[in-house]
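Below: one structure, written as structure tokens.
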Amino acid sequence: MSSLSAVYGIVARDLTRTTRQTSRLLGGVARPFMWLLLVGSGYNAIARLDGDLSYQAFVYPGIIVMAALFGAMLTAISTVYDREFGMLRLMLASPAGAPAVLAGRALAAALVGFLQGGIVLASAPLVVSLEPRTFIAAAGALALACLSSSVLGLLVAVRLRSVENFAGVINVVLFPLLFVSGALYPTRGMPHLLRLLAQANPVTYQVDLMRHAFGQPAEFPVQLDILVLVLVTFLVFGLASLLFDTEQRFIGRRTATS
């Protein structure tokens with residue numbers, strides 16, 4: 001079996017399983033709209049932003065990233081399911097190897113995140129006025145955000161042994177990533193320590209890149225946002241591949257040859 005065939009098979013399998021979970025998909029799309037309508041309406045009355053930008057318009061790029069982040073990272077739970085029920089061992093027995101398995105997982109998770117974020121993006125004209133080129137730029141920013149989010153989810157899931165552990169850990173990881181990112185409020189008003197954490201947070205650069213696409217004031221240059229997200233995607237994928245080596249094949253080889 002070639003690596004491409006293995007990746008395609010894993011992506012098709014994960015997407016089929018995800019599309020059958022309609023309640024999960026609907027919940028993933030409803031979550032950002034609930035924040036926008038319920039919380040955003042209240043914040044709009046008290047928030048003071050630079051210029052004439054409303055809070056709902058300001059937060060919309062962050063809402064898109066929120067939908068993609070939750071969709072991509074939570075899809076990584078399929079890795080934990082397959083490990084718990086023995087399917088993962090069968091996948092690792094294929095000649096394609098662990099990197100192909102992880103690549104398929106990451107791509108499937110990114111596509112789910114893109115689907116959820118894309119629905120929120122398509123609804124943007126209900127809140128803000130957008131030109132066609134803005135949609136294209138935002139779709140590109142969304143794709144990069146989904147890829148980096150998917151590998152972050154894999155990194156969390158890759159060494160967990162049960163779904164119960166995943167559910168506890170993912171909430172501890174997801175919400176800090178979202179809240180310390182500038183998605184829901186500007187980072188410049190944060191305390192110094194939180195601002196440093198925001199600068200080290202990959203989701204901060206996802207949100208910042210989306211703000212560039214929407215033509216809103218951003219904190220970093222667009223080139224830096226893209227560079228950071230590309231580097232995070234490759235570095236985290238490499239780290240997840242090492243941690244994913246559950247049978248310690250690489251370590252075992254080094255030990256045997258020393």
Side-chain angles (χ1 to χ4, degrees), residues 3-4 7 10-11 61-62 64-76 79 97-114 116-118 121 136-160 169-170 172-183 186-188 190 192-214 216-245 250:
S3 296
L4 288 178
V7 169
I10 292 171
V11 170
I64 297 173
V65 171
M66 175 197 290
L69 177 70
F70 277 73
M73 290 193 69
L74 291 178
T75 301
T79 304
V101 173
L102 272 186
R105 295 289 192 204
L107 185 55
L111 289 173
V112 173
F114 191 86
Q116 293 186 183
L121 174 60
I136 297 174
L142 178 61
L144 191 52
C146 291
L147 284 173
S148 54
S149 295
S150 66
V151 295
L152 289 172
L154 280 178
L155 184 62
V156 174
V158 78
R159 297 294 282 174
L160 297 179
V169 171
I170 201 69
V172 174
V173 174
L174 260 177
F175 289 108
L177 285 175
L178 176 66
F179 292 141
V180 190
S181 69
T187 58
R188 63 177 179 271
M190 293 180 177
H192 180 67
L193 179 58
L194 288 180
R195 187 172 173 82
L196 291 177
L197 291 175
Q199 292 174 351
N201 181 5
V203 182
T204 300
Y205 300 91
Q206 297 178 9
V207 175
D208 200 68
L209 185 60
M210 190 64 71
R211 293 202 189 285
H212 278 291
F214 271 66
Q216 295 183 5
E219 185 174 356
F220 307 107
V222 63
Q223 297 87 347
L224 179 61
D225 292 332
I226 295 174
L227 177 62
V228 168
L229 293 178
V230 170
L231 288 176
V232 165
T233 300
F234 282 100
L235 291 176
V236 173
F237 182 83
L239 179 59
S241 297
L242 292 176
L243 295 175
F244 193 70
D245 190 24
F250 303 134

Say you draw a straight line from CD of Gln116 to CD1 of Ile64; how long is it, rounded to the nearest 0.5 Å? 13.0 Å
Worked verdict on Asn201 versus Leu197 for side chain to side chain contact (heavy atoms under 4.5 Å, CB included): CA-CA 6 Å; Asn201 181 5; Leu197 291 175; over 6 Å; no
Given Leu239, Thr233, Val232, the one that forms side-chain contact (heavy atoms from CB on, under 4.5 Å) with Val236: Val232
I need the Leu177 CG to Met66 CE distance, nearest 0.5 Å. 12.5 Å
Closest non-hydrogen atom pair, Gly71 against Val112: O-CG1, 3.9 Å
Are side-chain heavy atoms of Phe220 and Val228 found at a separation under 4.5 Å? no
Which value, rounded to the nearest 0.5 Å, describes the distance between Leu102 atom CG and Leu155 atom CG? 10.0 Å
With a 4.5 Å heavy-atom cut-off, do Thr204 and Gln199 have their side chains touching? no
Output the distance between atom CZ (Phe114) and atom CG (Leu142), rounded to the nearest 0.5 Å. 5.0 Å
Return the set of residues passing side-chain hydrogen bond (donor to acceptor under 3.5 Å, both in side chains) with Gln216 (not counting sequence neighbours), or none when no residue passes. Arg211
What are the two closest non-hydrogen atoms of His212 and Val222, and how far apart are they? NE2-N, 3.5 Å
Is the number of heavy atoms from other residues, nucleotides or ligands under 6.0 Å of Leu194 CG greater than 12? yes
Any side-chain heavy atom of Leu174 within less than 4.5 Å of one from Leu74? yes
So which atom in Ile10 and which in Ala100 form the shortest heavy-atom distance, rounded to 0.1 Å? CD1-O, 4.1 Å
Which pair of non-hydrogen atoms, one from Glu219 and one from Thr187, has the smallest distance, and what is that distance? OE1-OG1, 2.7 Å
Measure across Val203 and Ser181 and return the closest heavy-atom pair with its distance rounded to 0.1 Å. CG1-CB, 3.8 Å
Heavy atoms of Ala198 and Met190 approach each other most closely as CB-SD, 4.3 Å
If you look only at distance, which donor and acceptor atoms sit under 3.5 Å apart when one is on a side chain in residues 145-152 and the other is two or more places apart or in another chain?
from: Ser148; atom 1: OG; to: Leu144; atom 2: O; distance (Å): 3.1
from: Ser148; atom 1: OG; to: Ala145; atom 2: O; distance (Å): 3.0
from: Ser148; atom 1: OG; to: Gln206; atom 2: NE2; distance (Å): 2.8
from: Ser149; atom 1: OG; to: Ala145; atom 2: O; distance (Å): 2.9
from: Ser149; atom 1: OG; to: Gln206; atom 2: OE1; distance (Å): 3.4
from: Ser149; atom 1: OG; to: Gln206; atom 2: NE2; distance (Å): 3.2
from: Ser150; atom 1: OG; to: Ala106; atom 2: O; distance (Å): 3.2
from: Ser150; atom 1: OG; to: Cys146; atom 2: O; distance (Å): 3.4
from: Ser150; atom 1: OG; to: Leu147; atom 2: O; distance (Å): 2.7

